[in-house]
Colleague: 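The structure that follows is given in the form of structure tokens.
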Amino acid sequence: MSNIRVRIAPSPTGKFQIGNARTALFNFLFAKKSGGTFIVRMEDTDQSRSTKESEENILKSMDWLGLSWDEGPTIEGDGYKGSFGPYRQVERLNTYDEYINMLINEGKAYKCFCTTEELEEERSKQKEKGIAAPKYSGKCKNLSKEEVEANIKEGMPFTVRFIIKPEKVKFNDLVKGDVEIDMSNYGDPVLVRSDGMPLYNFVVVIDDLLMKITHVIRGEDHISNTPIQIQIHEALGNTPPKFGHIPLTLTPDKKKLSKRHGAVSIDEYREMGYLKEALINFLVLLGWSSGNEQEIYSLEELINVFDLSRMQKSNAIFDIERLNWLNGIWIRKKDINEIVDLSKPYFEKMNVKSDQEYLNKIMLLIRDRLKYLSQIPELTDYFFNEGRLDKQKLVFKKSTAETTKKGLEAACNKLSSLGRWPESTEDFSTILAGAVADNGMANGDVFWPIRYSLSFSETSPSPAELLWALPKEVSLTRIKKAIDAL
RNA sequence: GGCCCUAUCGUCUAGAGGUCCAGGACGCCACCCUCUCAAGGUGGUAACACGGGUUCAAAUCCCGUUAGGGCUGCCA
């Protein structure tokens, strides 16, 4: 076990998102690769947006993906594992108080009595003056002790602000390299809201410090928060952790992935029938590559080959076609029984009560055609229900109604006179081919109408496969019906 | 606007100065297989954003421009 400790720190303000999952995955891989510890911490200080359901969804989604955490809330949500808890920020409020007081007493933070209105006015005035980078003036920093006490006595609400040192902050980012930011562009950030609730930029530092986080791997949307957090760490006399800012994933129109741009939660992809293996595989390739030409990776393989230094520096666009391809690959890689199990929810939605054997046959026939499991209803309806027979479509394009009828009859006769119903697709194939040969016909005169009459579809598995899967009586009835229709 | 990050086929990417008139994958197109649709196989289409340097040599290093993204909250 190495002393490397990383965390994923989602705010439970909605379902677990694709972007979060990707960040979690990179953290997970980084930790597992090095024998380190992977921690989940709920950043729920925004109580107006945080919900228990969101937390549950995040935990369950991570668990489903196989991103198991060593420390953090338990999946049941009734406790914690790990000895650096609690792992929910609202349960650590007392701790934050201690550190806030320390900073204030040491003159590194101050109480600010400016109201939201005053701040807005200040900002708009600065904009009017054409000031390029409006920021808080820091006027409350200069309040005397007496003024502060008087304000408090009057019951004036206040925030606590951290005093930014107006100097350049440099850090070596694990993925971006050297980054330098001039803090003279920053106003003093609020650490604690006027209602007493501490804010992200502060709590994240305290938690990372107390939880002994060694590497902070997060989205690059946090890069401009990093120098603030570094200065807070330093104000506390702590050496900041190492930072690695991974590029973001964008929608096809190059916008930040969000609810407005289609499905974004892991839940939704799961419901559509994307396999966790495909999602993991897809997500890791969004911003990372091994350097060789292998594209298909299991989570276990990734733990071995993952290397943070091979992260891409630029943003990546979420391409659903690539996910579809990977999902198809993983669907085909799975054992058929496993696929049937994964397919059950979709059959249940169809109110299908077939036995395992029938479902097995069906999935054997359609799995090559599946991009995702929720396509099952549309692709398998004819296995359970009669469809509409279109006389025009019954005739192969190079054939005629007359020949088609003859072909169907020939096949029907052969099938009906069978002593024992065959058990392999090859046998059915042979029988159909026999009907073709006996009558000097083309394959299309027999194969096509049989297939169409059994599936009511112009695109389906082969007739031999359908005969193999469908119950004998169903097949025979459908073929006879087709003959009558001509 | 300011600050920061980034820049190879439509998309995901390989490439860490010569082996690159740039390789792989997805998609798309064609062909093979074939009664159909998939799957599979084969082939094809398509990129170093632009302009300056540095160097014998640049996709690779430097500068600038342009473009995209992020941040600019008493959200995270």
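Residue numbers start from 1 in every chain, and the chains themselves are labelled A, B, ... in the order their sequence lines are given, proteins ahead of strands. From a predicted model like this one, the values you see are computed outputs, not experimental measurements.
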Colleague: Under 4.0 Å between any heavy atoms, over every strand shown, what does A:S11 touch: base, sugar-phosphate, or nothing? Just pick one.
Modeller: sugar-phosphate
Colleague: Taking a pair as Watson-Crick or G-U wobble with both distances under 3.5 Å, which nucleotide is matched to B:rA25?
Modeller: B:rU11
Colleague: Could you give the distance separating B:rU72 and B:rG15 at their P atoms, to the nearest angstrom?
Modeller: 34 Å
Colleague: Please determine, for B:rA67, whether a Watson-Crick or G-U wobble partner exists with both distances under 3.5 Å, and give it or none.
Modeller: B:rU6
Colleague: If B:rA47 has a Watson-Crick or G-U wobble mate with both distances under 3.5 Å, name it; if not, just say none.
Modeller: none
Colleague: Watson-Crick or G-U wobble partner for B:rC61, using a 3.5 Å limit on both distances?
Modeller: B:rG53
Colleague: Rounding to a whole Å, what distance do you find between A:E220:CD and B:rC3:C1'?
Modeller: 14 Å
Colleague: Taking atom types as modelled and ignoring hydrogens, do the side chains of A:D427 and A:S424 form a donor-acceptor contact shorter than 3.5 angstrom?
Modeller: yes
Colleague: Are A:Y452 and A:D390 close enough that a side-chain donor and a side-chain acceptor fall under 3.5 Å?
Modeller: no
Colleague: Paired with B:rA76: which nucleotide, if any, by Watson-Crick or G-U wobble criteria at under 3.5 Å for both distances?
Modeller: none
Colleague: Side chain of A:R49 only, heavy atoms from C-beta on: which candidate in B:rC74, B:rG27, B:rA76 is closest?
Modeller: B:rA76
Colleague: Taking only N and O in the side chain of A:K255, is any of them less than 4.0 Å away from OP1 or OP2 of B:rG69?
Modeller: yes
Colleague: Return each pair, listed once, that meets salt bridge (charged side-chain N to carboxylate O under 4.0 Å, His left out) where at least one residue sits in residues 41-55 of chain A; pairs must be two or more places apart or across chains.
Modeller: A:R41-A:E43, A:R41-A:D207, A:R41-A:D208, A:D46-A:R49, A:K52-A:E55, A:E55-A:R88
Colleague: If you assign A:K176 and A:A9 each to the RNA chain B nucleotide with the nearest heavy atom, which residue ends up on the more 5' nucleotide?
Modeller: A:K176
Colleague: Which nucleotide in the list B:rA39, B:rG24, B:rC35 gets nearest to the side chain of A:E293?
Modeller: B:rG24
Colleague: Between A:T45 and B:rA76, does any side-chain N or O lie under 4.0 Å from OP1 or OP2?
Modeller: yes
Colleague: Compare every heavy atom of A:F171 with every heavy atom of A:I223, then report the nearest pair and how far apart it is.
Modeller: CG1-CZ, 4.2 Å
Colleague: Would you say that A:K139 contacts A:C114 through its side chain, given a criterion of any heavy-atom pair below 4.5 Å between the two side chains?
Modeller: yes
Colleague: Rounding to a whole Å, what distance do you find between A:N324:CG and B:rA38:P?
Modeller: 14 Å
Colleague: List, with names and distances, any nitrogen or oxygen atoms from the protein found under 3.5 Å away from nitrogen or oxygen atoms belonging to nucleotides 42-49 of chain B.
Modeller:
none

Colleague: Rounded off to whole Å, could you give me the CG-to-P distance for the A:N20 and B:rC75 pair?
Modeller: 19 Å
Colleague: Near RNA chain B, which residues from residues 428-437 of chain A have a heavy atom under 4.0 Å away?
Modeller: none
Colleague: Only counting residues at least two apart or in another chain, list the ones meeting side-chain hydrogen bond (donor to acceptor under 3.5 Å, both in side chains) with A:R478.
Modeller: A:E386
Colleague: Under 3.5 Å, is there a donor-acceptor pair linking the side chains of A:E277 and A:S298?
Modeller: no
Colleague: Please list, for nucleotides 10-17 of chain B, all pairs of protein and nucleotide N/O atoms separated by less than 3.5 Å.
Modeller:
from: B:rC12; atom 1: OP1; to: A:I317; atom 2: N; distance (Å): 2.9
from: B:rC12; atom 1: O2'; to: A:L285; atom 2: O; distance (Å): 2.7
from: B:rU13; atom 1: OP1; to: A:G287; atom 2: N; distance (Å): 2.6
from: B:rU13; atom 1: O3'; to: A:S289; atom 2: OG; distance (Å): 3.1
from: B:rA14; atom 1: OP1; to: A:S289; atom 2: OG; distance (Å): 2.9
from: B:rA14; atom 1: OP2; to: A:Q312; atom 2: OE1; distance (Å): 3.0
from: B:rG15; atom 1: OP1; to: A:R310; atom 2: NH1; distance (Å): 3.3
from: B:rG15; atom 1: OP1; to: A:R310; atom 2: NH2; distance (Å): 3.4

Colleague: Who is the Watson-Crick or G-U wobble partner of B:rU36, with both distances under 3.5 Å?
Modeller: none
Colleague: Between B:rA57 and B:rG1, how far is it from one C1' atom to the other, in whole Å?
Modeller: 42 Å
Colleague: Do A:I163 and A:K108 come within less than 4.5 Å of each other through their side chains, counting heavy atoms only?
Modeller: no
Colleague: Would you mind reading off the distance between A:H245 atom NE2 and B:rC5 atom P, rounded to a whole angstrom?
Modeller: 12 Å
Colleague: Please enumerate all protein N or O atoms sitting under 3.5 Å from an N or O of nucleotides 71-73 of chain B, with distances to 0.1 Å.
Modeller:
from: B:rC71; atom 1: OP1; to: A:K256; atom 2: NZ; distance (Å): 3.1
from: B:rC71; atom 1: O2'; to: A:S224; atom 2: OG; distance (Å): 2.8

Colleague: A:L103 and A:A235: which non-hydrogen atoms are nearest, and at how many Å?
Modeller: CD2-CB, 4.0 Å
Colleague: With both distances under 3.5 angstrom, what nucleotide forms a Watson-Crick or G-U wobble pair with B:rC31?
Modeller: B:rG41
Colleague: By nearest atom, which of the nucleotides B:rC35, B:rC5, B:rG69 is closest to the A:W448 side chain?
Modeller: B:rC35
Colleague: Of the candidate nucleotides B:rA25, B:rC35, B:rC74, which contains the atom at the shortest distance from the side chain of A:T159?
Modeller: B:rC74
Colleague: Let me spell it out: for each of A:P10 and A:I181, pick the nucleotide of RNA chain B with the closest heavy atom. Which residue's pick is nearer the 5' end?
Modeller: A:I181
Colleague: For the residue pair A:E426 and A:S429, confirm or rule out a side-chain donor-acceptor distance under 3.5 Å.
Modeller: no
Colleague: Can you tell me if A:R451 and A:T459 form a side-chain donor-acceptor pair at under 3.5 Å?
Modeller: no
Colleague: Side chain of A:F396 only, please: which of B:rC75, B:rA76, B:rU36 is the nearest?
Modeller: B:rU36
